[in-house]
Amino acid sequence: MKGVCVCVTMTYYGLINIIVEQLVTRKFGLETWELIKKQANIVGPFSMYERYEDSVTFDLVAAGEKILGVPATLILELFGGMFYEYCKEIGYDKLLYALGGTPMDFLEQLDGLHDHLSSTFVGYRAPSFRVTFEEDGDGTEFYLHYYSVRIGLSSVVKGVLKGAMKDLFGVTIEINEANDRAEEVGEVCFFIKIVATDKEGTHKKEGMGETVAVVNKNVIPSKEAISPESFSRLYPFHITFNRELEITSVGNVMKRLFPLGIVGGKIDELFQITRPRLDFNFASILAHINTVYVLLQNEATATKPLKIKGRMAFQWQYNVIIFLCSPNPTDLQDLYEMGVRLADIPLHDASKELMFMAENFAEEQEISKELEKMTNDLQAGFEKLEDEKKKTDQLIYSVVPPAIADDLRRKKPIPSKKYEDITLMFSTIDGFEAFSASHEPLDIVILLNSCYTIFDTILDPAIHPKIYKVETIADCYIVVSGCPQVVEDPANAVVELAMDLYAGCEKLFFGTENFHITVGIHSGEIVAGIIGSRMPRYCLFGDTINTTSRTKTYGKKSCINLTQSTYDRLQTSKQDISKMEFTFHDHVAMKGKPKPMPVWLLNRKDPNKASPPPPPAVQPESKSMDEDVKRNLAELVGNRNGSSYSLPGANTKLVETKPLVKQSSVETLVKNGKKPKRQVKSLLFTTTNGRKFLPCGPPKTNSSAVCCIL
């Protein structure tokens, strides 16, 4: 990450990382946040009151810079703006609004606010702020001196100040670094200029708050001024010192805490200024008279050094500064170790109540920490439960269609349903029976797993959304379209998948042997429904299932076989079928079918292959045969092996044929007149004009052949 570094290893509260998360998710989305977390090698959510190393946040910023392509300094400035907004959202809005009525007042109170937070959040190393300005300026320009043990976070300060000034005072500021005015190593000086305002009068000089001690030297001290003894009782921790930093008076408790005497000593020898960061001299203090000061005892006179906090008041009549202060412990134990008791704090001092509040806050913080941990644990458990639920749903959806599975989960009745137009596909592996007979069961499992892994990958719902996988039985892969979800053009959806599966078999190997599939596709109607309750299955019923299976069984091996019903649907489909190539195979006799069924072969068209000429138009069916028919049929039948045969005349009647016989050739059937021993499918003749003929049986003589027009 360019321009950002950490000088020492420190820890901080998880609130910072939570705000980084809010920044990314609100502006760039949750997916981007997950990518950034993965890039930064961070797992799990952040807890607000847990302490994390600085490197965690800087790793997040570096990952954001890489993924978002945004400079780290800009990310930190955006984080500063989000930090201000998020602090308002979690309940700090009233505190921020009450901090100051003008931009100058607000900036002057920043240091005190961070000091308060350092006492509230244990271990928090707060930055330090102090404000200066040019006395002859117009009241719209300030210098903010910022110091932090964490180096490289000045962009965060810019983002916070821009957001705060815009929200609280309706002003737009320009803020730039003016490090030539920095007074010590590690300090960053910002030059702030108000350039626009949405609220009248908020950036004028008279509205900027008190910046220097304004005195009226015509005022004469009253003779009835309070006595030193009374003042010491009212302010038991006060310290008064002159321009030479010599202590002239102290409160009663301070006298007790310094038994060897403190009056007459040098305040800079007894104490050091921890907040704000400035030189301990009279002029510096006078220049920052409105700032909250924190002083720490150099050498402890009790178990712990005394830490006091308050405000400096310049008394021009006596040319002295009175430090009106109170103890500043982190908790009651800390107060006790400083040698101070609650009774030492006067009633008008709110420090006592603040300490009680701090004690309560510490207890609430521990409770909140535990609650947050429990919430995170519950959230993690809920996410695991959701993951398990998704796995369960995927398992159920692999057995039962999602819509029906949801109804089953709600215990709704699932009636069977008839689907008028579906397309079904069966596919089997060629040579699977021989493979099973010659290989071990483990080899069979490996082959089937390889095959179905390829098929299931191809059957991606994003690519084939209209397909439902019914089941697999041994090497038979069964899918359907149009059921249970009714879709448009189910035939087109199934044949597209079939071509993809057929092409995918190029990757189906066992050893060096490549396997192919035979596919049968048929369209029709079915009835579907849930069978069973303990292990429910979504089953299909109807003659369409039998026809599809037999189309695969009796069709051409290693091919995609379509029935006439599927072919007709594809021809009338609204989908593009220009990439499909159809070839008529045969009229195929199938078990359970009274007549042979026409079967078509499907291939994906080769783009480099010239398109075949369109098929001729089918002529109207006629009971007579014209000369063109005779001539074409004579070419097919009569002019082979030097033999010629006469054909029946134009008035020949059509003959109703019975199951025909397989012929080694037409010549054998006609010449020999022998009756074959077994009945199989017949040989089909097609003339050039689309007329179709079947030989109807052996002729009585060698000089004639009997045919029928189809």
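- Residues passing the side-chain contact (heavy atoms from CB on, under 4.5 Å) test with Tyr502, sequence neighbours excluded: Ile517, Ser558, Ile560.
- Between Leu332 and Tyr336, every side-chain heavy-atom pair lies at or beyond the 4.5 Å cut-off.
- Although no hydrogens or angles enter the test, the distance criterion places a donor-acceptor pair under 3.5 Å between the side chain of Gln297 and the main chain of Leu306.
- The shortest side-chain heavy-atom distance between Thr140 and Lys193 falls under the 4.5 Å cut-off.
- For the residue pair Glu177 / Ser154, a side-chain donor-acceptor distance below 3.5 Å is found, with atom types taken as modelled.
- Ring centers of Tyr143 and Phe190: at least 6.0 Å apart, outside the cut-off.
- Under a 4.0 Å N-O distance rule, the pair Lys162/Glu85 does not qualify as a salt bridge.
- No salt bridge links Lys412 with Asp406; every basic N to acidic carboxylate O contact stays at or beyond 4.0 Å.
- Around atom NZ of Lys88, more than 12 heavy atoms belonging to other residues, nucleotides or ligands sit under 6.0 Å away.
- Side-chain polar atoms of Asp167 and Tyr84 form a donor-acceptor pair below 3.5 angstrom.
- Heavy-atom neighbours of Phe83 CZ from other residues, nucleotides or ligands within 6.0 Å: at or below the threshold of 12.
- Closest non-hydrogen pair, Ile36 versus Gly64, comes out as CD1-CA, 3.8 Å.
- Summarising the geometry of Gln39 relative to Ala63, their closest heavy-atom pair is CG-CB, 3.5 Å, with the distance given to 0.1 Å.
- For the pair Tyr147 and Glu187, the tightest heavy-atom approach, listed with the atom from each and the gap, is CD1-N, 3.9 Å.
- Between Ala503 and Arg604 the shortest heavy-atom distance is CB-NH1, 4.4 Å.
- Counting only heavy atoms from C-beta outward, the side chains of Lys307 and Met338 approach each other to under 4.5 Å.
- Atom CD1 in Ile192 sits 5.0 Å away from atom CG in Leu144 (nearest 0.5 Å).
- Checked by atom type and distance alone, the side chain of Ser481 pairs as donor or acceptor with a backbone atom of Lys466 at under 3.5 Å.
- Between Tyr52 and Phe46, the ring planes lie perpendicular to each other; the angle is over 60°, past the 30° to 60° tilted range.
- In terms of modelled atom types and a separation under 3.5 Å, the side chain of Asp279 and the main chain of Ser284 share no donor-acceptor contact.
- Residues Val479 and Tyr477 meet the side-chain proximity criterion, which asks for heavy atoms closer than 4.5 Å.
- The minimum heavy-atom distance linking Pro536 with Val400 is given by the pair O-CG2, 4.0 Å.
- Applying the salt bridge (Lys or Arg N to Asp or Glu O under 4.0 Å) test to pairs two or more places apart or on separate chains, none has a residue in residues 13-24.
- Side chain of Glu53 to main chain of Ser55: no donor-acceptor pair is present (N/O by atom type, distance under 3.5 Å, no hydrogens or angles).
- Using a 4.5 Å heavy-atom threshold, the side chains of Phe191 and Glu141 count as touching.
- Under the 4.5 Å side-chain criterion, counting only non-hydrogen atoms from C-beta, Leu23 is not in contact with Trp33.
- Scanning all heavy atoms of the two residues, the minimum distance from Leu497 to Leu459 falls at CD2-CD1, 3.8 Å.
- A distance of 6.0 Å or more separates the ring centres of Phe509 and Phe515.
- Environment of CD in Gln485: sparse, with no more than 12 heavy atoms of neighbouring residues, nucleotides or ligands closer than 6.0 Å.
- In this structure a side-chain-to-backbone donor-acceptor pair under 3.5 Å is present from Arg275 to Pro127.
- In the model, Lys309 has no side-chain atom that pairs as donor or acceptor with a side-chain atom of Ser326 under 3.5 Å.
- Residues Leu278 and Arg130 meet the side-chain proximity criterion, which asks for heavy atoms closer than 4.5 Å.
- Checking side-chain atoms of Thr274 against main-chain N and O of Val294 turns up a donor-acceptor pair under 3.5 Å.
- Between Phe510 and Ser450 the shortest side-chain heavy-atom distance does not fall below 4.5 Å.
- Here salt bridge (Lys or Arg N to Asp or Glu O under 4.0 Å) pairs that include residues 386-397, with residues two or more places apart or in two chains, are Glu388-Lys391, Lys389-Asp393, Asp393-Arg409.
- Enclosure of atom CD in Glu506 is not indicated, since only 12 or fewer non-hydrogen atoms of other residues, nucleotides or ligands lie within 6.0 angstrom.
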